[in-house]
Amino acid sequence: WGPLLAAGWVASAIAISTVLLGYQGVLSVHHWHAENLAKRECVAELPGPLLPLPQRNYYLSLPWMSKSEPRFNIFYNYPRDREAGRWFERGGISGLISEGYFGTIVTHPGATPTYDGASFLPHYDLRKRNCADLDIYVRKGS
């Protein structure tokens, strides 16, 4: 058992050193923190509910990022359920967008202003373009 145990310790030391030397893993999340602070400045006071698109923006719905209520995130398998023809109340996300339900819709810059087959443009105006790598659409009249 001795040689096997020694080999395990050596393998662990090599794996840990690849992280500590910066070859693998993350040594600092400061850049994520700075990015999220900038995004918070863009969305903190926007009317709700806020719909963050695409999935990489879900952090925006957290209470310390945005004051908008109710909190809204799309479940990870929603696109697959829509493709499978499953029924959703009020027509799903596309129905809610078409109704103008959301106070704010956030996308990445230059994205087509549509989601789930519904266009934002009838009910939403582009309020901020490329604010901390976000395009922000706000319901007309808000």
Side-chain angles (χ1 to χ4, degrees), residues 1 4-142:
W1 289 100
L4 189 59
L5 187 60
W9 278 105
V10 169
S12 293
I14 291 170
I16 291 169
S17 67
T18 62
V19 173
L20 295 177
L21 294 173
Y23 295 114
Q24 298 289 325
V26 176
L27 293 177
S28 172
V29 295
H30 180 72
H31 64 285
W32 292 336
H33 174 68
E35 179 181 312
N36 286 326
L37 285 177
K39 288 181 179 186
R40 182 175 67 182
E41 291 299 316
C42 295
V43 302
E45 301 297 328
L46 294 172
L50 180 139
L51 176 63
L53 299 172
Q55 284 93 352
R56 67 184 175 94
N57 289 330
Y58 286 167
Y59 193 75
L60 299 175
S61 288
L62 293 171
W64 53 87
M65 293 295 285
S66 170
K67 293 179 182 178
S68 69
E69 293 280 347
R71 308 277 168 212
F72 200 93
N73 277 322
I74 301 170
F75 197 65
Y76 76 95
N77 66 336
Y78 175 80
R80 286 187 291 272
D81 285 345
R82 290 293 283 180
E83 288 173 9
R86 289 192 173 79
W87 179 86
F88 287 89
E89 183 178 351
R90 295 169 71 178
I93 304 298
S94 64
L96 295 174
I97 291 171
S98 297
E99 290 176 16
Y101 170 79
F102 299 103
T104 305
I105 300 175
V106 178
T107 67
H108 59 277
T112 305
T114 61
Y115 183 76
D116 196 23
S119 173
F120 309 163
L121 300 179
H123 296 287
Y124 299 89
D125 290 321
L126 180 60
R127 167 111 17 121
K128 297 179 187 175
R129 182 178 299 279
N130 202 10
C131 181
D133 202 29
L134 301 171
D135 277 359
I136 299 171
Y137 292 84
V138 176
R139 186 174 39 226
K140 291 180 179 180
S142 295

> Leu53 and Phe120: side-chain contact (heavy atoms from CB on, under 4.5 Å), yes or no, with the steps?
Replying inline: CA-CA 12 Å; Leu53 299 172; Phe120 309 163; 3.8 Å; yes

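- A donor-acceptor pair under 3.5 Å is absent between the side-chain atoms of His123 and the main chain of Lys140, judged by distance alone.
- Inter-residue side-chain proximity for Leu51 and Leu96 is flagged as unmet; no heavy-atom pair is nearer than 4.5 Å.
- Between the side chain of Tyr124 and the backbone N or O of Phe102, at least one donor-acceptor pair lies under 3.5 Å.
- Nearest approach of Arg40 to Met65, heavy atoms of both residues: CG-O, 3.4 Å.
- By the 4.5 Å heavy-atom criterion applied to side chains, Asn36 and Trp64 are not counted as neighbours.
- Look at Glu69 and Lys67 and you find no salt bridge, because none of the NZ, NE, NH1 or NH2 atoms lies under 4.0 Å from a carboxylate O.
- Between Tyr58 and Ile74 there is a side-chain heavy-atom pair separated by less than 4.5 Å.
- Residues Thr107 and Tyr115 form no side-chain contact, since every pair of their non-hydrogen atoms from C-beta on lies 4.5 Å or further apart.
- Using a 4.5 Å heavy-atom threshold, the side chains of Thr18 and Leu21 count as separate.
- Counting all heavy atoms, side chain and backbone alike, Ile93 lies closest to Tyr78 at N-OH, 2.8 Å.
- Although no hydrogens or angles enter the test, the distance criterion places no donor-acceptor pair under 3.5 Å between the side chain of Asp135 and the main chain of Arg129.
- Note: His30 and His33 have tilted aromatic rings, judged against thresholds of 30 and 60 degrees for the angle between ring planes.
- The shortest side-chain heavy-atom distance between Val43 and Thr104 does not fall under the 4.5 Å cut-off.
- Judged purely by atom type and a 3.5 angstrom limit, Arg139 uses its side chain to pair as donor or acceptor with the backbone of Tyr101.
- The shortest side-chain heavy-atom distance between Val138 and Pro47 falls under the 4.5 Å cut-off.
- A distance-only check finds no donor-acceptor pair linking the side chain of Ser61 to the backbone of Arg71 [under 3.5 Å].
- Counting only distance, with no hydrogens or angles, the side chain of Ser119 and the backbone of Leu121 share a donor-acceptor pair below 3.5 Å.
- To the nearest 0.5 Å, the span separating NZ on Lys128 from CG on Leu134 amounts to 9.5 Å.
- Counting heavy atoms from C-beta outward, Ile136 and Cys42 have side chains that approach closer than 4.5 Å.
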